[in-house]
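Heads up, the thing below is written out as structure tokens.
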Amino acid sequence: MKILINTNCLTKGGGQKVAMNIIREIVEHSEIYASRFQFEFLCCRNSELHKYLVRHEQRVHSITFVTPGLRILWEIFCSRRLLNRTAPDVVYSIFGYPLFAKRYLQIIGEADSNLFFQEIDFWQDYPWHRRLFKKLIDVYRIYSMKRADGVIFENDIMRARAIKMFNMMENRVCYIRPSIFDMPIPAALPSRKFIPEHGEFKVLMLASWQKNKNYMIIPAVLEELKRRNVNVRFCFSVSEDFANDEYCDFRKDLEQRNVYDHIQFIGAVEMPQLPEVYNSVDAVILLSRLESFSNNIIEAWHYQKPLIISDCEWAHELAQDAALFVSRDEVNSIADGIQLLSTDENLYSKLITAGNKAYSAYPVIGEHVAQILQFIESTYHAKKN
């Protein structure tokens, strides 16, 4: 079976991490798959995925269109030449909503949680014109998802809701739990697992300027913690950039509350930097309104850091008892959680133990890829028959 693995919309963030994990497994253990599968790859030119595949001399095709609009036009009007030449049995898009010709069997990975939790106003923090644009994109995503021959979910609630809300056939959807990343473990664990009451407690927030992450509440949280004499520093994975409106608004809020010196802008964190970054902090925080899954969760468990997370349905489904749940929209709730975690050594240790247990239940990447390929095969044979 020939499979074209499509990653042309993945150039950064968690989606690229997931894709790299899958592609590395396929490339570096090619002898496992060679008797059953032949792989070719479609990537955005000069992305990390493209560079990796070129270095390993894989059959890789690339496009230069990085904006969604141009990419969609390429898929509709220009991709047939590539598909006719490669003649894949299946096109597997790790994430994304391609519009390739319907005669090619297409399987996609689905990670846009807001499509399935429509009772939540996911775009409420944006001005009306951006909200309208985002909702039009969601209409396109739903159309493309329903058009696919198979959909892989990384969250079982979303899979169940897809069947109920969009009348998806059960044999066309599946839930495959995300895999453990092939992440380096620090040579030595942090010298102190717990920060004394009067020490600086570092909290890591791995996020970009996405309002879903609720970074906007952090200045008020820091102000409240400062009022309580709790010595906390947030490590935020964005860069200081005065050309960025989000940064300017965020910095202004920090300065007005007199807490600018309680935050550290560490810039985007790449996978090789993960051990150093996680080894330098005491806890991880995730305040998203919605997530399909988040790398922050599994990374926190992997590096044995307690996780503070939104008290929401999706988060309870993913984290179970291996996190401290706080109300993402309430300053006092978040401040209470951080203060408690920075002063209660028993709770700190309990969450690390629970995280270790939760982490052990996730599949390694080889198992994860095997499940994906099994679903691709079953979908292909069902369609063929």
Side-chain angles (χ1 to χ4, degrees), residues 14 17 21 154-157 175 177-207 221 225 230-235 237 269 271 273-288 291-328 333-368:
K17 284 184 183 179
N21 212 32
E154 54 185 5
N155 181 310
D156 200 34
I157 295 176
Y175 162 57
R177 178 173 280 197
S179 70
I180 296 170
F181 283 110
D182 183 16
M183 295 181 290
I185 298 176
L189 291 174
S191 58
R192 58 179 188 181
K193 280 297 193 92
F194 180 72
I195 304 304
E197 184 175 355
H198 300 294
E200 184 179 64
F201 192 78
K202 286 191 173 184
V203 180
L204 177 64
M205 188 174 201
L206 282 176
V221 171
L225 288 167
V230 180
N231 189 6
V232 170
R233 178 179 296 275
F234 263 74
C235 300
S237 62
V269 178
M271 285 194 73
Q273 299 171 296
L274 288 175
E276 179 184 358
V277 170
Y278 275 94
N279 219 9
S280 68
V281 302
D282 304 297
V284 179
I285 195 164
L286 180 63
L287 298 176
S288 303
E291 295 279 359
S292 169
F293 188 75
S294 173
N295 299 329
N296 298 170
I297 297 173
I298 209 164
E299 288 168 2
W301 295 339
H302 178 85
Y303 292 111
Q304 301 189 50
K305 301 297 178 181
L307 175 66
I308 302 169
I309 199 169
S310 305
D311 188 6
C312 300
E313 181 183 3
W314 65 268
H316 283 277
E317 167 73 12
L318 296 173
Q320 303 292 324
D321 63 347
L324 178 63
F325 295 92
V326 297
S327 176
R328 68 180 297 276
S333 176
I334 299 169
D336 288 346
I338 294 172
Q339 183 175 15
L340 181 62
L341 199 55
S342 68
T343 55
D344 189 333
E345 187 169 3
N346 289 331
L347 175 62
Y348 193 97
S349 299
K350 179 182 176 182
L351 288 176
I352 290 177
T353 300
N356 289 337
K357 182 178 178 181
Y359 184 76
S360 66
Y362 278 74
V364 296
I365 183 58
E367 296 169 337
H368 180 74

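Just the heavy atoms: all of them, side chains too, but no hydrogens, waters or symmetry mates, feed the values below.
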Subject >> Quiz item: cation-pi between R233 and F201, 6.0 Å / 45° >> reply: no
Subject >> Sequence-distant partners of N356, side-chain contact (heavy atoms from CB on, under 4.5 Å), two or more places apart >> reply: Q304, I352
Original post:
Under 3.5 Å, side chain of K305 to main-chain N/O of V281, donor-acceptor pair present?
Top reply: yes
Original post:
With a 4.5 Å heavy-atom cut-off, do L274 and K17 have their side chains touching?
Top reply: yes
Original post:
Which residues pass the side-chain contact (heavy atoms from CB on, under 4.5 Å) test with V364, sequence neighbours left out?
Top reply: E367
Original post:
If we only count heavy atoms from C-beta on, is the E291 to L286 side-chain gap below 4.5 Å?
Top reply: yes
Subject >> Test item: S310 and F325 side chains (from C-beta on) under 4.5 Å apart, heavy atoms >> reply: no
Subject >> Minimum heavy-atom distance between L341 and A283, given as atom pair plus value >> reply: CD2-CB, 3.9 Å
Original post:
Is a salt bridge present between K350 and E345, judged by a nitrogen-to-oxygen distance below 4.0 Å?
Top reply: no
Original post:
Can you check whether K357's main-chain N or O pairs, donor with acceptor, with S360's side chain at less than 3.5 Å?
Top reply: yes
Subject >> Listed partners of E154 passing side-chain contact (heavy atoms from CB on, under 4.5 Å), at least two apart >> reply: F95, A111, P178, S292, F293
Original post:
Who passes side-chain hydrogen bond (donor to acceptor under 3.5 Å, both in side chains) against S237, sequence neighbours left out?
Top reply: none
Subject >> Minimal non-hydrogen separation, L318 against W301, with atom names >> reply: O-CH2, 3.6 Å
Subject >> Test item: F234 and I285 side chains (from C-beta on) under 4.5 Å apart, heavy atoms >> reply: yes
Original post:
Would you say R328's side chain and L287's backbone share a donor-acceptor pair under 3.5 angstrom?
Top reply: yes
Original post:
About how many Å separate CG of D282 and NZ of K202, when rounded to the nearest 0.5 Å?
Top reply: 8.0 Å
**OP:** Mind checking side-chain hydrogen bond (donor to acceptor under 3.5 Å, both in side chains) for S294 and listing every partner two or more places apart, or none if nothing turns up?
**Re:** none
**OP:** Find out whether I298 and Y359 are in side-chain contact, i.e. whether some heavy atom of one side chain is under 4.5 Å from a heavy atom of the other.
**Re:** yes
Original post:
Is L351 close to L324 at the side-chain level, that is, under 4.5 Å between some pair of heavy atoms?
Top reply: yes
Original post:
If we only count heavy atoms from C-beta on, is the V284 to Y278 side-chain gap below 4.5 Å?
Top reply: yes
**OP:** List in chain and number order the residues that pass side-chain contact (heavy atoms from CB on, under 4.5 Å) with S333, two or more places apart in sequence or in another chain; answer none if no residue qualifies.
**Re:** V326, S327, E330
Original post:
Which residues pass the salt bridge (charged side-chain N to carboxylate O under 4.0 Å, His left out) test with D311, sequence neighbours left out?
Top reply: none
Subject >> Contact summary for E317 and Q320, nearest pair of heavy atoms >> reply: O-NE2, 2.8 Å
Subject >> Sub-4.5 Å side-chain heavy-atom contact between N21 and S179 >> reply: yes
Subject >> Residues in salt bridge (charged side-chain N to carboxylate O under 4.0 Å, His left out) contact with E313, at least two apart in sequence or another chain >> reply: R161
**OP:** Carefully, step by step, assess V277 and L204 under the rule side-chain contact (heavy atoms from CB on, under 4.5 Å).
**Re:** CA-CA 8 Å; V277 170; L204 177 64; 3.8 Å; yes
Original post:
By side-chain hydrogen bond (donor to acceptor under 3.5 Å, both in side chains), which residues pair with N155, not counting sequence neighbours?
Top reply: none
Original post:
What's the spacing between I308 CD1 and M205 CE if we round to 0.5 Å?
Top reply: 10.5 Å
